[in-house]
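Inspection log for the structure reproduced underneath, given as structure tokens.
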Amino acid sequence: ADDGTGVGRLQALRKWWDVIRSDGPAFGYFANPAKTILVVKPEHSRKAEGIFAGTGVKILNHADPNSNGTRHLGGALGSEEFVRDYVRAKVAKLSEELAKLSEIAKYEPQSAYSVFTHTFLSKWIYLQRVIPGCGQLFKPLEEKIRQNFLPAVTGKNNCTDLEREIFSLPARDGGLGIPNPTTTAGTHHDQSKKITAALTGKILRQDPTLTDSEQAIWQAEKRRVLKEKTEHQERQRKEIEDTIRREAGIEEEPDRKSCRWKRHKKPPDPPLLKRLEMAQQKGASNWLTTLPLKEFGFAVSKQEWLDGMCLRYGWSPPHLPPTCVCGTQSSVQHLLDCPRGGYQICRHNALCKSLAGLCQKAGYKDIKIEPHLAPLPPHMQRKTKEGRVRSTDGEEARLDFCAVGVWGEMQRAFFDVRVTNPLAPSNSQKTLEQHLKNKEASKKNDYNKRILEVERASFTPLVFSVAGGCG
């Protein structure tokens, strides 16, 4: 045993202490009076000194409320003033650590971000779970996050209030998972109380039993609290989306019943809103949450990381060339769409190579890159308006890669990759889901019948957005 805690009246605590001292050694528990602290209210100090006389227990009975308390299991016990001073000291230490991490982020933003989300964040979350009403005491830490850490990690100085709210969202919702500590304290403490309520009741009743039904109830309560947390994050995300629409001047869709005679065209979503939707796709935020392990090629350079941030939120990357190789003025949108810059081919080929490599690691056989397809019978060939055979039906048609055993034993599966840009002007009126489904249907229209009837195999189109999400 390491730590022990008792709460109650002074006489009962003295009996409890005597039992621990007499019976504890038989169970390997040796209580040390020099490290034992009794926290009492100032008006009970004399009574406590008399009852615990000769025990060696340290009694905290300071008249100064700022000194009347002690640290306990990462939290604080004592007067309200003592608890506040304790939290202030902890926040000051956290701010110093964050300042050092921000300096590292100037040169290694990916590593600093991983440290923040995987280790540093849990420090203040635990403190907020065990101490109620401490949200406003975290203002110095929030200032460090906003003024030092976020500019170093994102490459953007002076983020707006809306951007700060977006960054506080989980990565799966398009944010960075960097919450505002001044607004999360109450939620964390309430969630902790709800999850541990049953255990707290057992301690107060001194009930040592633990039944399977009680454990099942606790697990159900934990799932309920986690569900409430997810619902809260969902409401927060929708509020941010509504704010983006209002700032873009987009009102709610008109009521169809009140204007049946007139057809209203829904205005396109603002680019920022569509970017957040793209970031919410499956796999689109893996580059953020993955540990930067060089062994697996997950570590990226500072420039690659900051460029990724710019593409995620629609910022213009620094040092962007003034013109494209095609002679058009450069912009993020143009470079993503221009077929002459080489970026489209590079991203497509790199993705095909990675997917084929994963098939090989998974143990699938006879993996081929850009395999030739069997000739299509003349009656199945489709022609263009000019009378020529379509390239997808010609003899030189190829798919990106194939493998045996993916969907069925000894069955060949063909795959074709398409990377699309939902932010292109031609796609402004389409939802992200609709856009990706259209691209998938287009691929199936080109190759599905040929693969099924001629190759006697299966065909799977793989559609990705430029943000990395899988359709």
Side-chain angles (χ1 to χ4, degrees), residues 70-76 82-131 134-161 163-171 175-185 187-189 285-310 312-313 315 317-319:
T70 185
R71 175 186 178 276
H72 179 65
L73 297 178
F82 175 83
V83 173
R84 288 181 175 275
D85 287 346
Y86 176 83
V87 174
R88 290 190 185 98
K90 281 286 187 179
V91 171
K93 184 178 179 181
L94 289 171
S95 299
E96 292 179 2
E97 294 176 357
L98 186 60
K100 296 179 181 179
L101 191 60
S102 300
E103 287 298 318
I104 297 174
K106 293 179 180 179
Y107 307 98
E108 294 288 345
Q110 185 186 22
S111 299
Y113 176 79
S114 297
V115 170
F116 184 96
T117 55
H118 289 91
T119 59
F120 184 80
L121 184 60
S122 60
K123 292 184 177 182
W124 91 57
I125 290 179
Y126 179 82
L127 189 63
Q128 292 180 344
R129 285 176 178 171
V130 298
I131 298 179
C134 59
Q136 294 305 311
L137 300 178
F138 281 84
K139 282 185 177 180
L141 183 61
E142 168 59 16
E143 292 176 358
K144 288 288 184 181
I145 293 174
R146 190 158 183 167
Q147 297 175 6
N148 301 102
F149 187 71
L150 284 176
V153 168
T154 64
K156 186 176 188 296
N157 297 319
N158 303 321
C159 69
T160 63
D161 292 339
E163 288 173 336
R164 181 64 185 99
E165 292 181 13
I166 292 174
F167 297 156
S168 67
L169 292 174
L176 297 179
I178 304 178
N180 185 336
T182 63
T183 61
T184 59
T187 303
H188 287 151
H189 185 260
S285 298
N286 286 353
W287 67 279
L288 273 174
T289 57
T290 301
L291 291 174
L293 303 176
K294 292 184 179 180
E295 179 183 358
F296 301 101
F298 296 158
V300 299
S301 67
K302 175 183 176 181
Q303 191 61 53
E304 290 171 330
W305 175 269
L306 297 181
D307 287 347
M309 286 289 180
C310 291
R312 184 176 177 89
Y313 296 112
W315 307 328
H319 312 299

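For residues 118-127, the salt bridge (Lys or Arg N to Asp or Glu O under 4.0 Å) pairs, not counting sequence neighbours, are E97-K123. Applying the salt bridge (Lys or Arg N to Asp or Glu O under 4.0 Å) definition to pairs two or more places apart or across chains, those involving residues 134-147 are E142-R164, R146-D161. A salt bridge (Lys or Arg N to Asp or Glu O under 4.0 Å) check over residues 286-308, counting only residues at least two apart or in different chains, returns nothing. Every pair passing ring pair (Phe, Tyr, Trp, His ring centres under 6.0 Å) that includes a residue from residues 139-158 is listed here, sequence neighbours excluded: F116-F149. Residues in residues 106-117 take part in these salt bridge (Lys or Arg N to Asp or Glu O under 4.0 Å) pairs, two or more places apart or across chains: E103-K106.
In terms of heavy-atom proximity, A152 sits nearest to P109 at O-CB, 4.0 Å. The two residues F138 and V87 make their nearest non-hydrogen contact at CE1-CG1, 4.2 Å. Listed here is the closest heavy atom pair of S285 and A171: OG-O, 2.9 Å. The minimum heavy-atom distance between L306 and G155, with the atom names listed, is CD2-N, 3.8 Å. Of all heavy-atom pairs between S168 and P179, the closest is CB-CA, 3.9 Å. Across all their heavy atoms, G75 and V130 have their closest contact at CA-CG2, 3.8 Å.
Side-chain N or O atoms of W305 include one that pairs as donor or acceptor with a backbone N or O of V153 at under 3.5 Å.
Atom CD of Q147 and atom SG of C159 lie 10.0 Å apart (nearest 0.5 Å). In this structure, NE2 on H188 lies 4.5 Å from CD1 on I125, to the nearest 0.5 angstrom. Here the CD1-CG distance, from I145 to N180, works out to 7.0 Å after rounding to the nearest 0.5 Å. Atoms CD and NZ, from E163 and K156 in turn, are 3.5 Å apart once rounded to the nearest 0.5 Å. Rounding to the nearest 0.5 Å gives a distance of 14.5 Å between CG of L98 and NZ of K93. Going from atom CG of L150 over to atom CD1 of I178 covers 5.0 Å, rounded to the nearest 0.5 Å.
Scanning for salt bridge (charged side-chain N to carboxylate O under 4.0 Å, His left out) contacts around R129 gives an empty result, with sequence neighbours left out. Applying the ring-ring contact (aromatic ring centres under 6.0 Å, His included) criterion to Y313, with sequence neighbours excluded, gives F167, W315. Applying the ring-ring contact (aromatic ring centres under 6.0 Å, His included) rule to Y107 yields no partners; only residues at least two apart in sequence or on another chain are considered. Applying the ring-ring contact (aromatic ring centres under 6.0 Å, His included) test to Y126 and every residue at least two apart in sequence or in another chain returns nothing. For Y86, there are no ring-ring contact (aromatic ring centres under 6.0 Å, His included) partners at least two apart in sequence or on another chain. P292 meets the side chain to side chain contact (heavy atoms under 4.5 Å, CB included) test with Q110, S111, S114, A299; sequence neighbours excluded. Scanning for salt bridge (charged side-chain N to carboxylate O under 4.0 Å, His left out) contacts around E165 gives an empty result, with sequence neighbours left out.
By the 4.5 Å heavy-atom criterion applied to side chains, R312 and L288 are counted as neighbours. Between L137 and K90, every side-chain heavy-atom pair lies at or beyond the 4.5 Å cut-off.
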Could you walk me through whether W124 and V91 pass the side-chain contact (heavy atoms from CB on, under 4.5 Å) check?
-> CA-CA 8 Å; W124 91 57; V91 171; over 6 Å; no
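Other residues, nucleotides and ligands place more than 12 heavy atoms under 6.0 Å from the CG atom of N157.
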